[in-house]
Amino acid sequence: MSDPLRIENLFVEGQTPSQEWVPIARDANVEVNPGEIVSLIGESGAGKTTVALAALGYCRPGTRFAGGSVILDGTDLLKLSADQLRDVRGRRIAYVAQSASAALNPRILIGKQLIEGLLVHGVMNAREGYKRIIEQMELLQLPNPEQMVERYPYQISGGQRQRVMIAMAMTCMPDFLVLDEPTTALDVTTQIEVLKAVREVIQEKGTGAIYVSHDLSVVAQVADQIIVMNDGRQIERSATQQMLDAPVEEYTRMLLGAVRLVPKDESQFPAVDTDDSGQNQLLIVDDVYATYERGDFLKPWKPEDDILRSVSCTIREREVVALVGESGSGKSTLARVMAGLLPQRTGDVRYRGNSLPPSVRNRNVDQLRKIQIVFQHPDMTLNPARSIEYAVGRPLELYFGMQRDERRARVEELLTLVDLPASYADRQPSELSGGEKQRVALARAFGAEPELIICDEVLSSLDTLVATTILELLKDLKERLGVAYLFVSHDLATVATIADRVIVMYAGRICEQGPTREVFSPPYHPYTDLLISSVPELRTDWLTDVLKTREGVSAGRGSFPVDAGCAFRTRCPMMIEGVCDTQTPPLRALTENTDHGVYCHHDVTT
């Protein structure tokens, strides 16, 4: 058994564009015992990941260690050579990245990536190593490990990729793990799978871990100790239960207050609008089927190629409609169909009663202007080589023909609208935080003066406090400008506070839709019930309680039937043999005055 891993009096500096060195971690102290999980929490830029990476003797480009030590078995890792550190990393201390999709090589088989550490460190030969990785995959409850090692990362789900990352980190049986936001971008049910895997592997192997997160409700399920960081400093440390019950610092209380939970009181949901006259319908999706664009046009179409199947829904003026569901449910695909980025195979998309051309290439300028989309990662939509003025000014020139002074004045107005200083127009994207970049993306969308804005997971990569401010901004702009939102999200707690209506999707089909307060209140579709019960609560025994009721519920995930039966039947606790597997689920209206209905063979009201 290893001695504790200790980070002592650590100082880390970062270099500014003017070549000055400024502190980004100040006098950090962390001690992790074998079998213990210590969590670092705080906003983006608090220094959490910087301190956690120091446990590997690593600092990112543009930063340097300015003092302190990292002690493992009496050795200061900060004094080791690159070759000596290479021997420690992976074998004694391993790292699990936030995004498995970015960390895993898409062109190398999963098995080859898993076994690499064992071979590089000379722990065992390939034959023995193969047995080891299969054992690790079984421990993490990855399905069919012998087949999965022959697949590529893009051929498995997001939750499975994250567990593959954990398996890779554990192959050399390290004494300590560094887990850097391992569940941030995952949907709620996948998050449970990963949290369960982390907790069990720590208990089984006695591994110590540093868990970096900004979500206290997630941390509460796995951490023994919590360290709160702000502006590079550690401001509070205590046992998890004590932190939840009696936080000392005001900043810690702010973090706790920013945790979004599914409301229990109906008065916290938006009021139900019983006006279904159809006079204020903005966008209608009618019986849409869609599939990804195929590179091989000679290959015949097959039913399993469809990502969306018989999808119909409506968005009204000034309304917020939320699309919710697990990863792979078809949420973003439906949003892309509405925006014309992915033409539907069959079906119709109508805007104010007129059919829209399936492809964005065939839509006129006015149709493009009225429907705008804001993506999850603003870094992927902001040109790093051009100024913020250029980014926000492009729609002004395209849609309204604005030039120079007029365009500059409007850019400054839009930046002010999203609570950014007008002077940010002269900045580059690299000079802005994640939350500020998302505000720029919103400013650009509002610059087109649209009637509908599609928000595709716009909050999922932001920390809790920043996400809360963006959410309040979206609410304010809706009231001031009268726009409608399609809010694509896997965060049900957020959806509950902003959406007027909710559409629940599974395997490319709608299984429930209706007013938010009705969808979030029983009776539910069995899948809606699963999603709502998967939102973490601020108590340390929540995960344990949930797992007691989840035996077999996730077993069928990833196998979506494409026949006439219910797609959810392989996971449904109420599956009716001979019915759910042979017949298309009927629409059951749950209320008389609203459009709340579920697609289910089972009478959910009984």
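Please read these numbers as outputs of a predicted model, since none were measured by experiment.
- To the nearest 0.5 angstrom, Gln438 atom CD is 11.0 Å from Phe375 atom CZ.
- No donor-acceptor contact under 3.5 angstrom links the side chains of Thr291 and Asp306, judged on distance only.
- Glu537 places no side-chain N or O within donor-acceptor distance of the main-chain N or O of Leu261, the cut-off being under 3.5 Å.
- Leu118 CG to Thr171 OG1: the interatomic distance, rounded to the nearest 0.5 Å, is 4.5 Å.
- Defined by atom type and a distance below 3.5 Å, a donor-acceptor pair is present between the side-chain atoms of Gln241 and Thr540.
- Residues Ile110 and Pro153 approach most closely at CG1-N, 4.0 Å, considering heavy atoms.
- Tested against Leu5, the residues Leu72, Asn33, Val30, Val178 include a single side-chain contact (heavy atoms from CB on, under 4.5 Å) partner, Leu72.
- A side-chain hydrogen bond (donor to acceptor under 3.5 Å, both in side chains) with His490 is found for exactly one of Glu457, Glu326, Lys331, namely Glu457.
- Looking at Gln203, its side chain never comes within 3.5 Å of a backbone N or O of Glu200 through a donor-acceptor pair.
- Distance check: Leu244 CG to Leu256 CG gives 6.5 Å after rounding to the nearest 0.5 Å.
- Thr494 and Arg260 share a donor-acceptor pair across their side chains, judged by distance under 3.5 Å alone.
- Salt-bridge check for Arg92 with Asp87: failed, with every basic side-chain N at 4.0 Å or more from each acidic carboxylate O.
- Taking CH2 of Trp542 as the reference point, atom CG of Leu547 lies at 8.0 Å (rounded to 0.5 Å).
- Remark: Thr252 OG1 to Arg237 CZ distance equals 13.5 Å, nearest 0.5 Å.
- Between Gln15 and Glu20 the shortest side-chain heavy-atom distance does not fall below 4.5 Å.
- Here the shortest heavy-atom pairing between Ser39 and Val219 reads OG-CG2, 3.2 Å.
- The main-chain N or O of Leu543 is found under 3.5 Å from a side-chain atom of Gln221 such that the two form a donor-acceptor pair.
- More than 12 heavy atoms of other residues, nucleotides or ligands shown are found within 6.0 angstrom of CD on Glu31.
- In this model, a donor atom of one side chain and an acceptor atom of the other lie less than 3.5 Å apart for Thr544 and Arg199.
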Exercise for the section: Could you check Ser69 against Asp76 for side chain to side chain donor-acceptor pair (under 3.5 Å), going step by step and ending with a plain yes or no? Expected result: CA-CA 6 Å; Ser69 57; Asp76 186 354; 4.6 Å; no
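- With salt bridges taken as basic N to acidic carboxylate O contacts below 4.0 Å, one links Arg539 and Asp545.
- Side-chain atoms of Asp491 and Ser489 include no donor-acceptor pair closer than 3.5 Å.
- In plain terms, the two heavy atoms of Ala126 and Leu119 that are nearest each other are N-CD2, 3.8 Å.
- Under the 3.5 Å distance criterion, with hydrogens and angles disregarded, a donor-acceptor pair is assigned to the side chains of Gln84 and Ser81.
- For the residue pair Glu43 and Tyr251, a side-chain donor N or O sits within less than 3.5 Å of a side-chain acceptor on the partner.
- Gln191 and Asp187 form no side-chain donor-acceptor contact under 3.5 Å, judged by distance and modelled atom types alone.
- When every heavy atom of Ala209 is checked against every heavy atom of Leu179, the shortest pair comes out as CB-CD1, 3.8 Å.
- A side-chain donor-acceptor contact under 3.5 Å links His214 and Glu181.
- The CG atom of Leu40 sits 12.0 Å away from atom OH of Tyr211, with the distance rounded to the nearest 0.5 Å.
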